[in-house]
Visitor: 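My questions all concern the structure below.
Please read these numbers as outputs of a predicted model, since none were measured by experiment. Protein chains get the first letters and strands the later ones, always in sequence-line order, with residue 1 at the start of each.
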2 protein chains.
Amino acid sequence: MNIDIRHLRAFQAVAETGAFRRAAERLRMSQPALSAQIRDLEREVGVVLFDRTTRRVELTGAGREFLPQAAKLLGDLEAALRGLTDLAQHRRGHVAVACAPLLASVMLPELIATFLAAHPGIRISLIDARTDQIVDKVRSGEADLGIGTFADAEPGIARTRLFRDELLLFVPRRAPAPRRAATWAEIADEPLVALTRESGLRALVEMGFGTLGRPARPAYEVAQVTTAVALVEAGLGVAVLPAAARAIAHDRRVTLRALGQPRVARDVSLIVASGRSPTPAAQAFAAHARVRASGALGRRT
Amino acid sequence: MNIDIRHLRAFQAVAETGAFRRAAERLRMSQPALSAQIRDLEREVGVVLFDRTTRRVELTGAGREFLPQAAKLLGDLEAALRGLTDLAQHRRGHVAVACAPLLASVMLPELIATFLAAHPGIRISLIDARTDQIVDKVRSGEADLGIGTFADAEPGIARTRLFRDELLLFVPRRAPAPRRAATWAEIADEPLVALTRESGLRALVEMGFGTLGRPARPAYEVAQVTTAVALVEAGLGVAVLPAAARAIAHDRRVTLRALGQPRVARDVSLIVASGRSPTPAAQAFAAHARVRASGALGRRT
DNA sequence: CGATATTCATAACCAAAGACTATCAATCAA
DNA sequence: TTGATTGATAGTCTTTGGTTATGAATATCG
């Protein structure tokens, strides 16, 4: 026989109600069962906790000493379990999201805002990082989730597609641009604003130029998409950027054109560490991201 | 299904050993039983606590958060139960003893000293009070035990005799006193040092004089036995006091003589409240008192 | 790359703890 | 004194939790 939460609850109920019968009612159990609990508890600790006749039940000295301790134990247990169920039910928690810089600026703010509206107790950290760093952070546990474009088979990583993000041509808004899609061949001789080689987006652009049999030869190389758009707006060249960057170009004098032959796109995916169970909060955020991606975000591309 | 100490122990063991198998060994149970415990705990709180493959077991974020809380709960429970068993095994506790003044000064000091030598963790309060007050304090719970001379049938009071305490005649040590017993008749005309009417001992003296058909007519009335002995030593009179006062007369110029026709004695008893369970410490002290009374203290009378 | 051994999960079965009903004994109230 | 209320006890049964046997998965070693 080992002391049990049940014993503590029984003790507390009897102490507080001052009667076995009422305590048994409160605990939704029969009075003999409760008597047995108290009997076992007293035998286990070797101390009489209640002086009881058939008409009166009151704490002994030892019982009076034990009551606050038992109450505290039950309260602490309650609180600890409550803490866990709060996590389970997304009333509390923390999600660290690692995300490519462009998406971090154009997609995550809205995603986080809508998520927090539904789950006000959850805290979110946003880490913007390059693709390879995202994978590392997710694998190490530094980030719970990663959002970006990833290679097919990363070991220890589970991936789900969020949406397809097509490359578009960003040109200065001078004359009315033709509505038809541009081609890679057409822009081959235009001054090109490209991202640096560290960027995952640069690789996509190289893929497009690869169909022409030659690498991209940028007139400008910049680290951030915002900068690239600004250069285009200034009329210094054209840029090939994913549709996600549309939001950045929105109130600038930049025109977007489709870009074909071939159309190039990337898959924006959400990754988690496949070995690790995501926290409930991370699961909720991932679910939220998937829903929004197939809805509003998806339609935008 | 309700969360249980057992679940917390299982969780802690797995978390600390990092393996179900080793944890099961530590808990002296089979591995499947342990797996079931963890499974139930996780289902109850709705959160995965361990990420486990067949080769690796590690805490999830929620598990890492829960571990210190579980450890503290188990520690607190341990401590609280330890507190109770400490009481049960007389390693700790408190006894309030109410005692007649004479006995408090001649008998209790040694009784307490020998008791504390055996039970260093127990604290003792000594309340010296008149007989009727002793009964009240024991009945109300203010005192755990009472020691003194009591009426036969006090309601709510259980009494056990410790020893018999005979009245002796205390005379100034002048000429060598006769060895034979004195009689009440002989001292009828001596100047008498008596205790005040509040004292229980005074009633015994009155009982002795009662056999002569008259009340005591004290030359002096004092509140304390010590004072009475001092007056006798100064040659101002004789006193009739119980044998327990022998210790007070010990290194004073006072001679003790037996006092007969009739011999008068009182029973010194130990009382407890019959409705209330005595604390383990009080039980131990009572047992100690009974043993010592039938031994050293008893022989002294 | 395949065989082996280790580890956790599952299934089936069983023992024991614990709960319930019925009843007894004790105490308070009328 | 009698009736009503309350805690304890006895007997029966359900349920929980344990064990053994076995399966599935993964790391290790040849």
Side-chain angles (χ1 to χ4, degrees), chain A residues 1-45 48-60 63 139 153 155-158 273-277, chain B residues 1-45 47-60 63 139 155-158 273-277:
Chain A
M1 234 282 308
N2 226 332
I3 295 305
D4 195 348
I5 298 297
R6 176 180 309 269
H7 292 107
L8 298 186
R9 278 197 230 284
F11 170 74
Q12 187 186 36
V14 174
E16 288 180 357
T17 62
F20 279 67
R21 193 169 194 77
R22 279 196 297 278
E25 251 172 59
R26 193 169 103 178
L27 297 173
R28 311 284 169 79
M29 71 195 302
S30 70
Q31 170 264 314
L34 179 60
S35 287
Q37 290 286 346
I38 298 295
R39 170 171 46 74
D40 291 347
L41 174 60
E42 287 181 332
R43 189 174 43 196
E44 189 68 13
V45 298
V48 179
L49 297 171
F50 295 104
D51 276 322
R52 39 201 190 276
T53 68
T54 56
R55 299 314 283 186
R56 194 184 313 280
V57 173
E58 53 187 13
L59 286 165
T60 61
R139 212 175 347 230
I157 295 287
S274 59
R276 222 182 302 282
S277 317
Chain B
M1 234 283 308
N2 227 330
I3 294 305
D4 195 350
I5 298 298
R6 182 178 306 271
H7 292 106
L8 298 186
R9 279 198 228 285
F11 169 73
Q12 188 185 37
V14 174
E16 288 180 356
T17 61
F20 280 66
R21 190 168 194 78
R22 279 196 297 278
E25 251 171 58
R26 193 169 102 177
L27 297 172
R28 311 286 169 81
M29 70 196 303
S30 70
Q31 169 264 313
L34 179 59
S35 287
Q37 290 287 345
I38 298 295
R39 169 170 47 74
D40 292 346
L41 174 60
E42 287 181 332
R43 188 173 46 196
E44 188 68 13
V45 298
V47 174
V48 179
L49 297 170
F50 294 105
D51 276 323
R52 39 199 188 276
T53 68
T54 57
R55 300 313 282 184
R56 195 183 314 280
V57 174
E58 55 188 10
L59 286 165
T60 61
R139 210 169 357 223
I157 294 286
S274 59
R276 221 184 304 281
S277 317

Visitor: Roughly, in whole Å, what's the span from NE2 in H7(A) to C1' in dG18(C)?
Guide: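 Distance check: H7(A) NE2 to dG18(C) C1' gives 9 Å.
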Visitor: What integer distance in Å separates I5(A):CD1 from dA17(C):C1'?
Guide: 17 Å
Visitor: Would you indicate what R21(B) reaches in the nucleic acid, counting non-hydrogen atoms under 4.0 angstrom: base, sugar-phosphate, or nothing?
Guide: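 Touches sugar-phosphate only.
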Visitor: Can you tell me if CZ on R21(B) sees more than 12 non-hydrogen neighbours from other groups inside 6.0 Å?
Guide: no
Visitor: Please work out which of the three classes, parallel, tilted or perpendicular, describes the rings of F20(A) and F50(A), given edges at 30° and 60°.
Guide: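 Answer is perpendicular, since the angle exceeds 60°.
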Visitor: Counting heavy atoms from C-beta on, name the nucleotide in dG17(D), dG18(C), dG7(D) closest to the side chain of Q37(A).
Guide: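 That would be dG18(C).
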Visitor: Counting side-chain heavy atoms from CB outward, which of dA9(C), dT9(D), dT20(D) is closest to P32(A)?
Guide: dT9(D)
Visitor: Can you tell which of dA19(C), dG17(D), dA8(D) lies closest to the side chain of F20(A)?
Guide: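 So the nucleotide nearest the side chain must be dA8(D).
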Visitor: Between dT19(D), dC8(C), dG7(D), spot the one nearest the side chain of M29(B), thanks.
Guide: dT19(D)
Visitor: Within the distance-only criterion (no hydrogens, no angle test), does the side chain of R52(B) pair as donor or acceptor with the backbone N or O of A19(B) below 3.5 angstrom?
Guide: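 Not at all, since once roles are kept as given, no pair shorter than 3.5 Å links the two residues.
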Visitor: Hey, are the side chains of E44(A) and H7(A) touching, using non-hydrogen atoms and a 4.5 Å cut-off?
Guide: no
Visitor: Figure out the CD1/P separation between I38(A) and dG18(C), and round it to whole Å.
Guide: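 Rounded to whole Å, this separation is 13 Å.
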Visitor: Using only atom types and a distance under 3.5 Å, with no angle test, would you say the side chain of S277(A) pairs donor to acceptor with the backbone of V48(B)?
Guide: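 Looks like no, no N/O pair under 3.5 Å.
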Visitor: Side chain of T54(B): nearest nucleotide among dG7(D), dA19(C), dT26(D)?
Guide: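 It is dT26(D).
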Visitor: Rounding to a whole Å, what distance do you find between Q31(B):CD and dT10(C):P?
Guide: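 Atom-to-atom, Q31(B) to dT10(C), this comes out as 11 Å.
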Visitor: Would you say CZ of R9(B) has more than 12 non-hydrogen atoms from neighbouring residues, nucleotides or ligands within 6.0 angstrom?
Guide: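 Enclosed: over 12 neighbouring heavy atoms sit under 6.0 Å from CZ of R9(B).
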Visitor: Does a side-chain N or O of R6(B) approach OP1 or OP2 of dG18(D) to a distance below 4.0 Å, or not?
Guide: yes
Visitor: What I want to check is whether an N or O donor and acceptor connect the side chain of R55(B) with the base of dT6(C) at under 3.5 Å.
Guide: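 Yes.
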Visitor: Just wondering, are more than 12 heavy atoms of other shown residues or ligands nearer than 6.0 Å to CZ in R56(B)?
Guide: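 Atom CZ in R56(B) is not crowded, with 12 or fewer foreign heavy atoms closer than 6.0 Å.
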Visitor: Categorize A33(B) for me: base, sugar-phosphate, or nothing, with a 4.0 angstrom heavy-atom threshold over every strand shown.
Guide: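 Base, at least one base atom sits under 4.0 Å.
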Visitor: Treating R276(B) as the side-chain partner and R139(B) as the backbone partner, does any N or O pair qualify as donor plus acceptor under 3.5 Å?
Guide: yes
Visitor: Base, sugar-phosphate, or nothing: which does A36(A) touch, judged by heavy atoms less than 4.0 Å apart?
Guide: nothing
Visitor: By the 4.0 Å heavy-atom rule, please label T53(A) as base, sugar-phosphate, or nothing.
Guide: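 Result for T53(A) = sugar-phosphate.
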Visitor: Bend across the helix from dC1(C)-dG30(D) to dA30(C)-dT1(D), to 10°, with axes taken over 5 pairs at each end?
Guide: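 The helix from dC1(C)-dG30(D) to dA30(C)-dT1(D) shows an end-to-end axis angle of 30°.
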Visitor: Could you check how far CG of L34(B) sits from P of dC8(C), rounded to whole Å?
Guide: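 Distance check: L34(B) CG to dC8(C) P gives 9 Å.
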Visitor: Between dG7(D) atom P and F50(A) atom CZ, what is the distance in whole Å?
Guide: 11 Å
Visitor: Please state whether the phosphate of dG7(D), meaning OP1 or OP2, lies under 4.0 angstrom from any side-chain nitrogen or oxygen of S35(A).
Guide: no
Visitor: Over how many whole Å does the gap from D4(A) atom CG to dA19(C) atom P extend?
Guide: 9 Å
Visitor: Using the side-chain heavy atoms of R52(B), tell me which of these nucleotides is nearest: dC8(C), dT20(D), dA19(C).
Guide: dC8(C)
Visitor: Using whole Å, report how far CD of E25(A) lies from P of dC20(C).
Guide: 13 Å
